[in-house]
Asker: 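Provided herewith is a single structure, encoded as structure tokens, for subsequent inquiry.
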Number of protein chains: 2
Amino acid sequence: MLKRENVSLSVIRRLPRYHRFLADLMRTGTTRISSKELSRRMGLTASQIRQDLNCFGGFGQQGYGYNVEQLHREIGLILGLDKQYPAILVGAGNIGRAIALNFDFSQMGFDLIGIFDIDPSIIGMQIGSLKVEDAAGIDAFCREHHPRVAVLTVPRSAAEQMAEQLIHLGVSGFWNFSHYDFSVKYPGVLVENVHLSDSLMTLCYMVRDLSEKETRDN
Amino acid sequence: MLKRENVSLSVIRRLPRYHRFLADLMRTGTTRISSKELSRRMGLTASQIRQDLNCFGGFGQQGYGYNVEQLHREIGLILGLDKQYPAILVGAGNIGRAIALNFDFSQMGFDLIGIFDIDPSIIGMQIGSLKVEDAAGIDAFCREHHPRVAVLTVPRSAAEQMAEQLIHLGVSGFWNFSHYDFSVKYPGVLVENVHLSDSLMTLCYMVRDLSEKETRDN
DNA sequence: TAGATTGTTAATCGATTAACAATC
DNA sequence: TAGATTGTTAATCGATTAACAATC
């Protein structure tokens, strides 16, 4: 897993999906798989799978295919799931709590070490193994524990100011659930925007589009 | 808004973002905007914005630009946000509850009319204006109310069976939060997959990649 | 009218697919 | 060895960007 250097984002975004399908295969006891068979299951082309994997090295063997367990492990290493970077979550409302409770951050390369909110009725609440802390203490916390990444589950109105504060405190990656779109403003900062409403609106378009076609066809 | 027909998914996925930025502009009282200025704010090219919009019609005026309010409204119509289609949510765990509580479905083209779960300790729980119903009653409910779309927030193990059941009951669109990847298996069914763990893993890759570069540079 | 900015066509770029020699 | 399947190069396709005439 050495060949990389400027691998395109389209390829990177497919890696977690490969990882997931390979985990499924392991669960069902499959030990080897060809790019052709994997492409059939994932709805891709075999060519694309081979191209994608060869950005990082030759994990397969001619005439045999890929070893499922090995490939799963290699992709995990490429994604960086083997080490845990410290992360904090800011905004312990419904979405924030759901994420803190539902995600095993340690399986995804992170260690969730702090949860913050400004609402006195939420501060002190136990969420999994962590207790919600007062957001006023974020500065001190960051200076001590140096989180690399922040999950931003605050309302839109608080997002901009909080993002800037965290960037100054050394946070360089954001998993952003707020409606605030800050990828443009701070170059160099890594942002993975999760605009759930954008996703739902896209589905809305597709559903409308389908019913229009059905109407025309009848 | 008549020109469409096979507009690419890449374009569609940008529409909700335009919609959001235009809403922001309205909020700050801006009444007109050029593709150039909008491109600067959104981090796109002006060319792309004009190309995107012209898939659906000429909303601008030479020498003037676009009327913010009109463009916002037109994009809303293109996305289909003006009518509400009935939707249900299946799986009222942490994520399901957070979504039901946080999203104003009516603003995104849907009307959330039912929430279901199988867990007796959750059934009957009040979530916003709805009460969680027993999933055993989904068949009867669908035959009566004909939801077009289902939000799938069930665990992976329950997802496949539930998806098939709902497809048979006439549900044709899914907002899928489960780890189950069913876009491949049921052609014709519209699926918007929200694989949050894929998103977090992508961020993991980016953060690792950045620190490797920093290490090299020093 | 002059300046600005669109709508649209043409050029470029990047990503996907196809093909095939290498090789297990 | 023969068959299968990779790694990789070349061809195709689609999406983005640039250019510019039309026009408000």
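We name chains A, B, ... by the order of the sequence lines, and we start the count at 1 in each one.
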Asker: Do B/Arg208 and B/Glu212 meet the salt-bridge criterion of a basic N to acidic O distance under 4.0 Å?
Answerer: no
Asker: Figure out the CZ/C1' separation between A/Phe59 and D/dT8, and round it to whole Å.
Answerer: 15 Å
Asker: Give the rounded distance in Å between these two atoms: CG of A/Asn6 and C1' of C/dA15.
Answerer: 15 Å
Asker: For atom NE2 of B/His195, decide whether the heavy atoms of other residues, nucleotides or ligands shown that lie under 6.0 angstrom number more than 12.
Answerer: yes
Asker: Does B/Arg41 pair with A/Asp181 as a salt bridge, N-O distance under 4.0 Å?
Answerer: no
Asker: For B/Ile49 and D/dA18, what is the distance between atoms CD1 and P respectively, to the nearest whole Å?
Answerer: 13 Å
Asker: Which of parallel (below 30°), tilted (30 to 60°) and perpendicular (above 60°) describes A/Phe141 and A/His145?
Answerer: tilted
Asker: Side-chain N or O of A/Ser47 versus OP1/OP2 of C/dT16: is the shortest distance under 4.0 Å?
Answerer: no
Asker: Can you check whether B/Arg50 has a side-chain N or O nearer than 4.0 Å to OP1 or OP2 of C/dT6?
Answerer: yes
Asker: For C/dA15, which nucleotide in any strand shown is its Watson-Crick or wobble partner with both distances under 3.5 Å?
Answerer: D/dT12
Asker: Considering only heavy atoms, which members of residues 17-27 of chain A lie under 4.0 Å from some atom of DNA chain C?
Answerer: none
Asker: OP1 or OP2 of D/dT17 versus the side-chain N and O atoms of B/Thr45: is any pair under 4.0 Å?
Answerer: yes
Asker: Please check if atom CD in A/Glu69 has more than 12 non-hydrogen atoms from other residues, nucleotides or ligands closer than 6.0 Å.
Answerer: no
Asker: Are there over 12 heavy-atom neighbours, none belonging to B/Ile118, within less than 6.0 Å of that residue's CD1?
Answerer: no
Asker: Using OP1 and OP2 only, check whether a side-chain N or O of B/Ser35 sits under 4.0 Å from C/dT6.
Answerer: yes
Asker: Find the distance B/Glu37:CD to C/dT5:C1' and express it as a whole number of Å.
Answerer: 13 Å
Asker: Run the salt bridge (Lys or Arg N to Asp or Glu O under 4.0 Å) test on A/Arg17 and A/Asp52 for me, step by step, so that the C-alpha distance in whole Å, both residues' side-chain angles and the decisive distance to 0.1 Å come before the verdict.
Answerer: CA-CA 12 Å; A/Arg17 192 152 175 267; A/Asp52 284 354; over 6 Å; no
Asker: Could you tell me whether the side chain of A/Leu152 reaches within less than 4.5 Å of the side chain of A/Trp175, counting heavy atoms only?
Answerer: no
Asker: Between atom CG in B/Asn54 and atom P in D/dA18, what is the gap in whole Å?
Answerer: 18 Å
Asker: From the set C/dT9, D/dT16, C/dT5, return the single nucleotide nearest to any side-chain atom of B/Arg32.
Answerer: C/dT5
Asker: In the structure shown, which nucleotide is the Watson-Crick or G-U wobble counterpart of D/dG3, with both distances under 3.5 Å?
Answerer: C/dC24
Asker: Heavy-atom count check: over 12 atoms from other residues, nucleotides or ligands less than 6.0 Å from A/Gln48 CD?
Answerer: yes
Asker: Tell me, which of residues 61-71 of chain B have any heavy atom that sits under 4.0 Å from an atom in DNA chain D?
Answerer: B/Gln61, B/Gln62, B/Gly63
Asker: Looking only at side chains, do B/Arg156 and B/Ser178 share a donor and an acceptor under 3.5 Å apart?
Answerer: no
Asker: Write down the distance between CG (B/Leu38) and C1' (C/dT5), rounded to a whole number of angstrom.
Answerer: 14 Å
Asker: When the distance from CG of B/Leu53 to C1' of D/dT16 is rounded to whole Å, what number comes out?
Answerer: 15 Å
Asker: Rounding to a whole Å, what distance do you find between A/Ile33:CD1 and D/dA4:P?
Answerer: 17 Å
Asker: Tell me whether the side-chain N/O atoms of B/Arg14 come closer than 4.0 Å to OP1 or OP2 in D/dT16.
Answerer: yes
Asker: Side chain of A/Gln48, heavy atoms from C-beta onward: which of D/dT9, C/dT16, D/dT17 has the nearest atom to it?
Answerer: C/dT16
Asker: Any N or O donor-acceptor pair under 3.5 Å from the base of C/dT17 to the side chain of A/Gln51?
Answerer: yes
